[in-house]
Novice: 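So that we are looking at the same thing, I have put the structure below in structure tokens.
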Amino acid sequence: MNKLITTDVLIVGSGPAGYTAAIYAARANLKPHMVSGLEPGGQLTITTDVENYPGFGDVIQGPWLMEQMKEQALKVGTEFHNDIISKVNFAKKPFGAITDSGLRFESKTIIIATGAQARWLNIESENKYKGFGISACATCDGFFFKNQNIIVVGGGNSAVEEALYLTNFASKVTLVHRRDKLRAEKILQDRLLNHPKIDVIWDHKVKEFIGSDEPLSLKKIKLINVNNENEKIIDATGAFIAIGHDPATSLFKNQIKMDKENYIITKADSTETSVKGIFAAGDVKDKIFRQAVTAAGMGCMAALEAEKFIAENY
């Protein structure tokens with residue numbers, strides 16, 4: 001028979017939101033259990049230099065920060081499971097969840113912190129230079145590209161916003177879009193097209209990222225015209241991929257309310273979802289900021305709200 005674990009708080013997913021929720025829930029003596037998921041530590045485990053997390057005067061490493069959060073959560077009493085939740089049931093209380101290995105959970109509350117993943121171009125050279133010139137977060141990494149030529153790939157609101165933001169650092173920003181017009185809001189398009197630091201290359205996509213091995217760094221980008229397949233090479237030491245994110249919410253389909261992009265909907269000024277006792281924190285519900293510090297803040301909120309829910313209902 002599969003092992004049954006009963007708990008006050010089950011945290012699904014790890015990363016700044018999940019770990020912070022675990023710390024606060026454990027300190028409230030709720031004895032939380034965390035199922036780490038496919039990528040323990042979340043996106044920060046593949047992020048090298050972190051300069052914008054409060055409390056550190058020097059550059060820190062993303063994996064190190066996640067290790068510290070996990071260690072803190074462990075020390076205050078969080079139970080960790082290196083497993084993946086494969087099924088949930090939010091229709092009855094206590095809420096149910098089953099893992100790939102067969103663990104069964106019954107929990108008074110559940111905090112969802114499964115995050116979101118940036119969409120990538122999925123070309124071989126992209127993987128080589130991720131973290132060495134290629135990024136998916138301008139607010140995270142734009143500072144490292146002062147006075148450099150960089151490109152932004154995409155044509156929606158996110159791409160245009162990132163291009164505009166990056167003009168604060170770069171000497172020149174080139175937006176590369178595979179179509180002949182943008183999908184972004186008109187006001188954003190006007191700002192982009194009239195900005196003296198921004199050029200647009202229409203009807204092109206990235207074919208290859210080119211750089212050096214010693215040290216590993218991006219130098220040029222090979223583009224291909226989608227209409228006639230003509231190629232061109234441009235100089236750029238940075239590339240920001242802004243073609244969207246995918247929240248990890250397929251597990252919760254038909255269980256809680258989501259928006260048209262499958263982000264979990266929460267109440268205003270709250271992490272509570274459409275099901276009372278189920279909370280969502282971090283990038284799984286946040287399509288705007290996507291920062292470690294905002295995710296951690298939401299993890300704190302979720303734990304405090306879970307504590308209040310238990311006190312009022314059990």
Side-chain angles (χ1 to χ4, degrees), residues 43 46-47 116-142 144-145 148-211 217-250 259-263 283 287-290:
Q43 292 185 72
I46 57 170
T47 302
Q117 294 291 331
R119 293 181 199 143
W120 296 96
L121 301 175
N122 294 320
I123 56 179
E124 187 177 345
S125 55
E126 179 183 54
N127 290 324
K128 180 177 181 179
Y129 295 106
K130 278 182 187 175
F132 298 93
I134 297 177
S135 171
C137 181
T139 50
C140 308
D141 299 326
F144 299 114
F145 295 87
Q148 298 181 39
N149 288 350
I150 59 179
I151 73 162
V152 175
V153 180
N157 281 353
S158 293
V160 173
E161 287 169 351
E162 298 230 325
L164 290 165
Y165 175 79
L166 288 165
T167 60
N168 294 315
F169 310 102
S171 56
K172 179 183 177 183
V173 179
T174 302
L175 184 78
V176 177
H177 187 38
R178 63 185 302 152
R179 296 184 175 85
D180 60 358
K181 59 183 177 181
L182 299 171
R183 303 186 309 277
E185 296 170 1
K186 185 64 168 59
I187 190 169
L188 289 174
Q189 292 190 42
D190 290 342
R191 288 177 191 163
L192 178 105
L193 296 172
N194 291 307
H195 199 289
K197 277 191 178 182
I198 299 177
D199 288 338
V200 181
I201 297 179
W202 305 102
D203 297 320
H204 279 72
K205 63 181 182 179
V206 176
K207 183 176 182 180
E208 184 182 3
F209 294 100
I210 303 166
S217 58
L218 183 67
K219 301 293 183 186
K220 298 176 184 292
I221 290 122
K222 183 185 288 187
L223 305 176
I224 183 169
N225 189 300
V226 297
N227 297 319
N228 56 29
E229 297 192 350
N230 289 340
E231 296 179 0
K232 67 166 69 176
I233 293 177
I234 62 172
D235 293 327
T237 50
F240 289 81
I241 315 303
I243 56 175
H245 286 71
D246 293 312
T249 54
S250 58
D259 67 14
K260 62 183 180 181
E261 297 173 87
N262 296 318
Y263 285 87
D283 289 9
K287 67 176 78 173
I288 299 172
F289 301 107
R290 298 194 186 101

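For reference, positions follow the sequence shown, starting with 1. Computed over heavy atoms, backbone and side chain alike; hydrogens, waters and symmetry mates excluded.
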Novice: Quick one: are P247 and D283 in side-chain contact, heavy atoms under 4.5 Å?
Specialist: no

Novice: Atom OG1 in T167, atom CD1 in I198: separation rounded to 0.5 Å?
Specialist: 5.5 Å

Novice: Could you work out, with side-chain hydrogen bond (donor to acceptor under 3.5 Å, both in side chains) as the rule, every residue matching Q148, not counting sequence neighbours?
Specialist: T237

Novice: So, do L182 and L175 sit near enough that their side-chain heavy atoms are less than 4.5 Å apart?
Specialist: yes

Novice: Distance-only check: which donor-acceptor pairs under 3.5 Å involve side-chain atoms of residues 200-209, not counting sequence neighbours?
Specialist:
unit_1: D203; atom_1: OD1; unit_2: D180; atom_2: N; d: 3.3
unit_1: H204; atom_1: ND1; unit_2: W202; atom_2: O; d: 2.7
unit_1: K207; atom_1: NZ; unit_2: E231; atom_2: OE2; d: 2.4

Novice: How long is the span from the CD1 atom in I233 to the NZ atom in K219, to the nearest 0.5 Å?
Specialist: 15.0 Å

Novice: Mind checking the CD1-CD1 spacing from I134 to I241? Nearest 0.5 Å is all I need.
Specialist: 6.0 Å

Novice: Hey, is NZ on K172 packed in by over 12 heavy atoms from elsewhere, all under 6.0 Å?
Specialist: no

Novice: Search all heavy atoms of L223 against all heavy atoms of I221 and return the closest pair with its distance.
Specialist: CD2-CG2, 3.6 Å

Novice: Can you tell if the side chain of K181 reaches within under 4.5 Å of the side chain of Q189, non-hydrogen atoms only?
Specialist: no

Novice: OG of S135 to CZ of F145: how many Å apart, nearest 0.5 Å?
Specialist: 6.5 Å

Novice: Hey, does F240 have a side-chain heavy atom less than 4.5 Å from the side chain of D141?
Specialist: yes

Novice: To the nearest 0.5 Å, tell me how far R178 CZ sits from I224 CD1.
Specialist: 10.5 Å

Novice: Give every donor-acceptor pair under 3.5 Å between a side-chain atom in residues 158-166 and any protein atom, sequence neighbours left out.
Specialist:
unit_1: E162; atom_1: OE1; unit_2: A138; atom_2: N; d: 3.4
unit_1: E162; atom_1: OE2; unit_2: A138; atom_2: N; d: 3.3

Novice: For I151 and A236, which heavy atoms make the closest approach, and how far apart are they?
Specialist: CG2-CB, 3.9 Å

Novice: For L188 and N157, work out which heavy atoms get closest and say how close.
Specialist: CD1-OD1, 3.6 Å

Novice: Is any side-chain heavy atom of F169 less than 4.5 Å from a side-chain heavy atom of I150?
Specialist: no

Novice: Rounded at 0.5 Å granularity, tell me how far CG in L192 sits from CD in E185.
Specialist: 13.0 Å

Novice: Can you tell me if R119 uses its side chain to pair, donor with acceptor, with the backbone of G244 under 3.5 Å?
Specialist: no

Novice: Taking all heavy atoms of A242 and all of V152, pick out the closest pair and write down the distance.
Specialist: CB-CG1, 4.2 Å

